[in-house]
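Structure first, commentary second.
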Amino acid sequence: QVQLVESGGGLAQPGGSLGLSCAASGSISSIVIMRWYRQAPGKQRELVATIDSSGSGSTSYADSVKGRFIISRDNAKNMVSMQMNSLKPEDTAVYYCHAVDWDGRFALPYWGQGTQVTVSS
C-alpha cells in the first residue's frame, strides 16, 4: 500500500497564490505518474495537472489552469507539488493527489485524502 499525504492549500484572495505538496510513503515500487485532481461542490472530480515521474518529467494541464499552475516533482522524496498562481474563485475546490505505482505487473492507483483550497475576497 502507498499512502499519499497532501499539505498546503487554505484560503487565498483572487489573484493570489497557494502551494500544494503531496508526499508518498509506504510500500512504493515505482511511482510513474503523479497527478492533481480537484472537485468543487456539486461538480465532478476533474484532472488538473499531470507529471511523468518515471523519466521525462513531462507535464500536462487542464486548459482552465494552463499558464497559472505549475506541477513539479522530487523523485528522490516521492513528492509532487503544485504552485497555483493568479487564483480565481472558480479554483475553489478540494484538491486531491493521485499517484500510479508500477510494481512490474500492475499499475496501481492511489489517492490522497484531499486538501481544501478556497479563493475568495
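Since the model is a prediction, treat every value here as computed from it, not as a measurement.
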Nearest-0.5 Å distance, CD1 of residue I31 to CG of residue L4: 6.5 Å
Residues K66, D63: salt bridge by 4.0 Å N-O rule: yes
Given T92, L20, L11, the one that forms side chain to side chain contact (heavy atoms under 4.5 Å, CB included) with V117: L20
Within one Ile-Leu-Val-Met-Phe-Trp-Tyr cluster: V80 and L47, side-chain cutoff 4.5 Å: no
D101 side-chain N/O to S29 backbone N/O, donor-acceptor pair under 3.5 Å: yes
Minimum heavy-atom distance F106-D103, with the two atoms named: N-OD1, 2.6 Å
Flag side-chain contact, heavy atom, 4.5 Å: M82 against L18: no
Least distance between heavy atoms, S121 atom then P14 atom: N-CD, 3.7 Å
Between CD on residue Q3 and CD1 on residue I28, distance to nearest 0.5 Å: 8.5 Å
Cation-aromatic face contact R38/Y96, 6.0 Å, 45 degrees: no
Shortest non-hydrogen contact between V2 and S27, atoms and distance: CG2-O, 3.7 Å
Nearest-0.5 Å distance, CG of residue L87 to CD of residue Q13: 11.0 Å
In one Ile/Leu/Val/Met/Phe/Trp/Tyr side-chain cluster, 4.5 Å: W102, V100: yes
Residue Q44 excluded, over 12 heavy atoms near CD under 6.0 Å: no
R35 to W111, cation-pi by 6.0 Å centre distance and 45° axis angle: no
Side-chain heavy-atom pair S17, M84 within 4.5 angstrom cut-off: no
Main-chain N/O of G15 paired to S86 side chain as donor or acceptor, under 3.5 Å: no
Note: D52-R73 ion pair, threshold 4.0 Å (strictly below): no
Note, I51 side chain near I33 side chain (heavy atom, < 4.5 Å): no
Parallel, tilted or perpendicular: rings of Y95 and F69 (30°, 60°): tilted
Expected output: side-chain N75 to main-chain S53 donor-acceptor under 3.5 Å: yes
Test item: side-chain donor near acceptor, S81 and S21, under 3.5 Å: yes
N/O donor-acceptor pair under 3.5 Å between E6 side chain and C97 backbone: yes
Spatial distance of atom NE2 (H98) from atom CH2 (W36) [nearest 0.5 Å]: 12.5 Å
Atom pair CG (N78) and OG (S25), whose distance is rounded to the nearest 0.5 Å: 9.0 Å
From CE (M34) to OG (S54), nearest 0.5 Å: 12.5 Å
Minimum side-chain heavy-atom gap K88-R68 below 4.5 Å: yes
Donor-acceptor under 3.5 Å (Y61 side chain, I71 main chain): yes
